[in-house]
2 protein chains.
Amino acid sequence: MGVKEKRARYKEEFRRDILGAAREFFIHEGYEKFSMRRLAEKIDYSPTTIYLYFKNKDDLLFAICEEFFGHFSAQLNRIRTVLPRDPVETLRQALLYLMNFGLENPNQYKLIFFTKSVYGTREELVERGSMARNTYFAFKEMVQECINSGKLREVDVEVMVDTLVIASHGLIAKTIYGAAVPKDRSGIVALTLVDALLIGYRK
Amino acid sequence: MGVKEKRARYKEEFRRDILGAAREFFIHEGYEKFSMRRLAEKIDYSPTTIYLYFKNKDDLLFAICEEFFGHFSAQLNRIRTVLPRDPVETLRQALLYLMNFGLENPNQYKLIFFTKSVYGTREELVERGSMARNTYFAFKEMVQECINSGKLREVDVEVMVDTLVIASHGLIAKTIYGAAVPKDRSGIVALTLVDALLIGYRK
DNA sequence: CTCTAATATTAACAGCGTTAAGTAAAACAA
DNA sequence: TTGTTTTACTTAACGCTGTTAATATTAGAG
């Protein structure tokens with residue numbers, strides 16, 4: 001690509017292009033292989049150019065995570081509106097979807113939940129207005145509804161949400177870092193885990 | 001320290017010294033700050049010297065993990081012999097101990113369970129005769145006893161073990177990577193999580 | 001005292017994220 | 001059209017990283 005064509009672009013468009021290339025790269029090759037220099041090579045620009053559109057590596061990775069959290073959040077709301085009858089079943093489906101999302105996007109899940117640098121502290125998260133915050137509240141509401149409807153025990157809501165999210169975190173961590181578990185086995189484990197928990201919380 | 005004193009040491013002894021310094025360094029400053037070059041500086045040797053006693057960085061970190069897994073494994077056996085009456089209570093205590101161990105040694109737990117390079121695949125783990133394998137079998141036996149005694153449902157043993165270990169993984173992941181959660185809160189969450197699971201599996 | 005084997009070091013390679021300084025082209029002003 | 005400013009990008013560099021090859025130093029054996 002010549003210099004001329006490289007130039008005639010709008011800032012926003014180019015930012016999206018970089019993000020797209022980064023997403024592709026990151027999803028397919030994972031956190032370990034991802035580097036700014038290699039990304040630069042892929043998009044055929046010098047490494048420093050990326051810094052004109054993203055503050056730093058974390059900023060770029062954050063953008064990738066937010067994209068996917070956006071998709072997740074949207075789907076989560078769909079689940080909540082489609083299955084409004086039984087709050088426990090809604091919560092169950094939401095949890096299974098979270099797990100499935102993690103199993104299908106392990107690199108993003110890893111980045112979002114198993115990395116400190118990208119998402120920082122809870123305060124920074126709130127300040128940045130991250131999507132992650134939205135989904136947390138969504139789960140909190142779902143749990144609250146289950147308790148209000150009298151179907152689950154009156155355990156502290158935040159503690160209960162934590163335990164449920166923790167179950168998902170653990171599953172993904174084990175799948176990512178543990179031995180190469182066949183995906184259908186993860187599915188069975190996910191089901192068993194969620195059901196055991198929800199039975200355990202049943203009134 | 002002069003060059004002379006540096007020399008007059010037995011290989012094994014020096015290896016243990018390096019390991020000790022590495023453990024200290026790693027525990028207190030964590031994975032991110034740990035580097036071979038900084039460790040070398042701390043023990044007042046050149047970076048390459050470490051490579052005469054450890055194959056590479058992962059090999060050194062693996063040794064640190066095995067140390068701590070050794071302690072954990074020993075304590076786990078103590079729990080099993082001290083509380084042999086009620087298999088479910090034994091399992092419960094073992095799980096809580098695993099979680100507590102993780103909360104108190106987050107850096108090692110992270111290294112062991114949330115890192116691919118150090119512990120590798122399950123096959124490599126078995127080949128290396130890792131302590132991790134022992135503790136897995138210990139949990140499997142405990143779960144089997146609970147089922148045999150008729151106190152827990154007849155869920156597939158390996159699936160059940162996975163879900164229980166997963167719960168621990170998730171808790172530690174959330175504590176390590178999530179917002180700075182006060183430790184006593186993690187304790188409550190751990191209790192709630194374990195009890196909900198065991199109730200859920202109750203016959 | 002010399003030779004060998006063990007032990008430790010220096011120098012180097014290839015990679016990383018990131019910043020400062022420099023260049024070339026486009027946009028704008030006169 | 002000419003001159004100037006702004007924008008977009010690159011090159012060079014800093015200070016890190018893990019690791020290897022080649023080299024120096026030393027201890028102990030003969």
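By convention in this document, chain letters (A, B, ...) are assigned in the order of the sequence lines, proteins followed by strands, and residues within each chain are numbered from 1.
When each of dT19(D), dG17(C), dT10(D) is scored by its nearest atom to the side-chain atoms of Tyr45(A), the top-ranked nucleotide is dT10(D). Each of dC16(C), dT17(D), dT11(D) was ranked by its minimum atom distance to the side chain of Arg38(A); first place goes to dC16(C).
One atom, CZ of Phe25(A), and another, C1' of dC16(C), lie 12 Å apart when rounded to the nearest Å. As rounded to whole Å, 11 Å separates atom C1' of dC9(D) from atom NZ of Lys11(A). Between Lys55(A) atom NZ and dT18(C) atom P the separation is 10 Å, expressed in whole Å. Straight-line distance from the CZ atom of Phe34(A) to the C1' atom of dG15(C): 15 Å, rounded to whole Å. Atom pair Lys33(A):NZ and dC16(C):P shows a separation of 12 Å (rounding to whole Å applied). Remark: C1' of dA20(C) and CG of Leu52(A) are 13 Å apart, rounded to the nearest angstrom. dC16(C) atom C1' lies 14 Å from atom CG of Leu61(A), rounded to whole Å. If you take OH of Tyr51(B) and P of dT9(C), they are 15 Å apart, rounded to a whole angstrom.
Within 4.0 Å of Tyr53(B), counting heavy atoms only, lie sugar-phosphate atoms of the nucleic acid but no base atom. Within the nucleic acid shown, Ser35(A) comes within 4.0 Å of sugar-phosphate atoms alone, with no base atom in reach, counting heavy atoms only.
Electrostatic pairing of Arg80(A) and Glu145(A) counts as a salt bridge here, judged by a charged N lying under 4.0 Å from a carboxylate O. Salt bridge absent: Arg16(A) and Glu67(A) never bring a charged side-chain N and a carboxylate O closer than 4.0 Å.
The C1' atoms of five pairs define one axis at each end of the helix from dC1(C)-dG30(D) to dA30(C)-dT1(D), and these two axes lie 30° apart (to 10°).
Tyr31(A) carries Lys57(A) over the face of its six-membered ring, with the cationic atom under 6.0 Å from the centre and within 45° of the normal. By the 6.0 Å and 45° rule, Lys174(A) does not stack over the aromatic ring of Phe113(B).
Atom NZ of Lys33(B) and atom CZ of Arg38(B) lie 7.0 Å apart (nearest 0.5 Å). Between Cys65(A) atom SG and Tyr109(A) atom OH the span is 12.0 Å, to the nearest 0.5 Å.
In this model, the phosphate group of dA8(C) is not approached by any side-chain N or O of Thr49(B) to a distance below 4.0 Å at OP1 or OP2.
One N or O donor and one acceptor, one from the side chain of Arg37(B) and one from the base of dG18(D), sit under 3.5 Å apart. At a cut-off of 3.5 angstrom, the base of dT10(C) holds at least one donor-acceptor pair with the side chain of Thr48(B).
Tyr45(B) has its ring centre no less than 6.0 Å from the ring centre of Tyr53(B).
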